[in-house]
Every structure is written in structure tokens, then in C-alpha cells.
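Just so it is clear, the values below take in all heavy atoms, side chains as well, and ignore hydrogens, waters and symmetry mates. Each chain gets a letter, A, B and so on, in the order the sequences are listed, and its residues count up from 1. Keep in mind the model is a prediction, meaning the values are calculated, not measured.
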There are 2 protein chains.
Amino acid sequence: MVNKDPFYLGRLQDYYALHRLIPSYAEIASLVGVSKQGAVKFIDRMIFAGYIRKGAGGRLSPANMFFARPHVGGAPAGFASPATEVLGDAITIDEYLVERPSSTVLVSVRGDSMIDAGIHDGDFLIVERNTNPNIGKIVVAIVDGDFTIKYLRSGSDGLFLEPANEDYPNIYPETSLDIYGEVVGQFRKF
Amino acid sequence: MVNKDPFYLGRLQDYYALHRLIPSYAEIASLVGVSKQGAVKFIDRMIFAGYIRKGAGGRLSPANMFFARPHVGGAPAGFASPATEVLGDAITIDEYLVERPSSTVLVSVRGDSMIDAGIHDGDFLIVERNTNPNIGKIVVAIVDGDFTIKYLRSGSDGLFLEPANEDYPNIYPETSLDIYGEVVGQFRKF
DNA sequence: CAGCATGGTGTACGAACGTACACTTTGCAA
DNA sequence: TTGCAAAGTGTACGTTCGTACACCATGCTG
């Protein structure tokens, strides 16, 4: 018989996605269809493999591997390479995209002025609050009290904002330029 | 005295960040420095406010509000709207993008054949394994042993694949069409 | 000032939990 | 084919958990 652990783990991951909680051994048992002691042994294997941790009182919590998603590279038909190869240390998408949670906000995109940078209407941007971003980065600026997503450029007359859509003009600030933060990531649901 | 709940909650969030687990009432009590019954009352308030949920056996798990990240809408200068307005139930980016963890894989994008759909070289796609996706969706297909991201279309001669880049031709399968899964989300780091 | 909701403490108890031990079954390797 | 490790079952046990009830202190409101 093939190894059933991936199937068991899948059940556990789906349960966790729903409840944000690793259930008790008894619940795991009925969840995957084995006895309670079978669940104990299964969890022992998962702990050994780095999918599950034990907290105070023996309560179970997910470990790093629990969130690791199978990653399928661009390579032809090679299904097996683990996510860590490309994503590096990061395991959850959150951790990959958000490096400094306390200074990070989400911004939803309106309009298509940055469409050539792959930022579409309805996308979410991960924005790190930082009023002095580097030249050339995509920034969230405040122009006339409105949020604007643009490239931050430097010209002979100082800083200005450049859209990534040839239908839109550059924005040259009349007085000063209010930068809200720097765009460090983006995500979207289809 | 001011309301100490935010302070308590902060302790709880720090603990959760470390252990990915809401501790028991007894542990909460020592964590925030009250009696066990004080912890019970505190958690009751958190449940009422939508920060905590109760799972099977009365075990505690984080609810929506527990993860709430500041979200800045497209609205002019309105900083305050909570993430739930736009993101719906999901709070973490992972949970927003990945609905079925066990059948979801990540695929990294090579090439620019889907650039008009906002899918660029180097992006990550969230792909739900599903060999029978709906017409019109973006799918991961296997063509000549290679992964290809394309729109799934239906024509008079059956299914075919359409890129989102006018420099690329449609792909009409000679025999059958191997569909790996459906693209449900996308993310990228800048 | 009386009333009452709020936040907190102490004690008690049954149920559920994690753990341990003995045993069975299966598959692979010597 | 014998041996052994892995995977699973059944039963039992002490501990911890969540829950309930009674009670106290504080602060706001009619």
C-alpha cells in the first residue's frame, strides 16, 4: 500500500484552513478514519517531519512544513520540487510578501495607470509605510488628498511620478510630494 | 482605569505569533496576569468582538478580527476602513488566496504570454488542481510535457488555449488537452 | 443614593484530553 | 522464510481543560 500520510495531512490542512486549529487526537482519528492511537502515531510522524509542533499541555500546533505548498516550477513535467527552492525561507505567502507586519498595510488598486507594471484594477498591494522610498520604486503617493500608485522618478526639477501606462501623463508636484509608502508586493484573486 | 483588553489582546497575539495556537484559559491567565476566571471573561469579550472563536471541545482559535491588518482603501485619504470590507472573511493573504490547501500548488511563471491578464514573468500563481476547469478560466495545461498558462476556450473544433498576448498564437491540441489545474490567484514581490 | 453592568477572584466538578502499554497486521529485506 | 520495523487497534489512567456558581470591587447612570 502507498503511504497514506499525504492524504491524512491533506485532511488536516483542510480542517486547519477552516478552523485555524489543529484538532485533538480523537478528532484527527475520525477525520482521517483511523483509531485514536493511529492518529497518535500519525502525528508523531508529522512532528518528526516538521509539519506539527507540540505546545504546552501536549496541544498540537502547525509547524513550518505544515504551510509549505507544493511548488511546481517552470521545468517540464517536474512535479516534485519543494516550495523552498524558489520561495527561499518563506513558507506562507503572508511571510513571503510581508516582511515588516507592523509597518505594512494593504491598498486596493483603482484604475489602470500602472497596468504595464502588472498592477491592475482590483489588485491588492502590499505597502510598507516609508516616506522616503528609493528612486525608481513603485510608491503610494498622496496627490490632492487622493492615493496614487506610480513610479517615483527623479528629474532635473526634482522628484516626479510616472505612471506605467502611456495614456497617462507624468505628475509633477507643484509644491511638495507626499509619499505614503513603497509598494513591495502585489496579489490578486481571479 | 482604561480598558486593558487591547493590552491583553496584544499579549495573546504575540503568543500566537510564536506558537500558532491560542493557549488554554489557565495559560492566558498567567500570560496577561489575571485569574483563570478573569481570562474566561476576557475571552468572552474577545469572542463577542470577533477576535476569537470556539472550536470543538471549547478549544479556542483565532477569528477574523484577530489578524486584521490595516487596510487603506482607494478612497481619498480614508485610512480607517478595516480589511474585512474588501477582503471579506479572509484576513491573512494565505487564506484569502488559498481556499483548499490540500489541492493547491504554487506555480512560478516563465514568459510573458499572459501579460495582458496581468501575469508577468516571475509571478507566482495559486493553482487548484482540477482537470476539468470551466471554459474561460485561466488554466495550467500540459502541452508537450511542458507547463503552459493560458485561457481555456471552446471553439467549433473543441477546446483550445488562448494566450493573453497578441504576439502569441492560439494553441489547438492535436489529440487531447491535458489540464493540470485552474489558476485562482496570483502574487508577486517587487 | 440606589441600582446595575462590568471586570475580577476563588472554588469545585465532570468531561475530554494526551499518554502509556500490550497486541495485531502488513510489507519488505536478509 | 524468518525477522523486524512500520502502521494500526483496544483499553486504561491521571491530568488538565472548559464550565458553572457564588462572591467582591468599581464606576457610571437614573
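Ring-plane geometry between B:Phe124 and B:Phe187 is classed as parallel, the angle between the planes falling under 30 degrees on a 0 to 90 degree scale with a further cut at 60.
No more than 12 heavy atoms of other residues, nucleotides or ligands sit less than 6.0 Å from atom CG of B:Asp157.
In this structure, B:Lys54 reaches the D:dT19 phosphate: one of its side-chain N or O atoms is under 4.0 Å from OP1 or OP2. Contact annotation: A:Tyr8 reaches the phosphate of D:dG8 (side-chain N/O to OP1 or OP2, under 4.0 Å). Residue B:Arg59 places no side-chain N or O under 4.0 Å from the OP1 or OP2 atom of D:dC17.
Rounded to whole Å, atom C1' of C:dG18 lies 11 Å from atom CG of A:Asp44. The distance from atom CE of B:Met46 to atom C1' of C:dG7 is 12 Å, rounded to the nearest whole Å. Atom NZ of B:Lys41 and atom C1' of D:dG18 are 15 Å apart (whole Å). If you take CD1 of A:Ile28 and P of D:dG8, they are 13 Å apart, rounded to a whole angstrom. Protein atom CD of B:Gln37 is 9 Å distant from nucleotide atom C1' of C:dT9, rounded to whole Å. Between the CZ atom of B:Phe42 and the C1' atom of D:dG18 there is a distance of 17 Å, rounded to whole Å.
Cation-pi geometry between B:Lys189 and A:Tyr96 is satisfied (NZ or CZ under 6.0 Å from the ring centre, within 45° of the ring normal).
Among the protein residues, A:Gly58 comes within range of the sugar-phosphate backbone only, with heavy atoms under 4.0 Å from sugar or phosphate atoms but none that close to a base. B:Gly57 comes within 4.0 angstrom of the backbone, heavy atoms only, and of no base. Nucleic acid contact for B:Ser24: sugar-phosphate only, since backbone atoms but no base atoms lie under 4.0 Å from a heavy atom of the residue.
For D:dG18, its base sits under 3.5 Å from the side chain of B:Lys36 at one donor and acceptor pair at least.
Within the model, atoms OG of A:Ser35 and CZ of A:Phe42 stand 13.0 Å from one another, a figure rounded to the nearest 0.5 Å.
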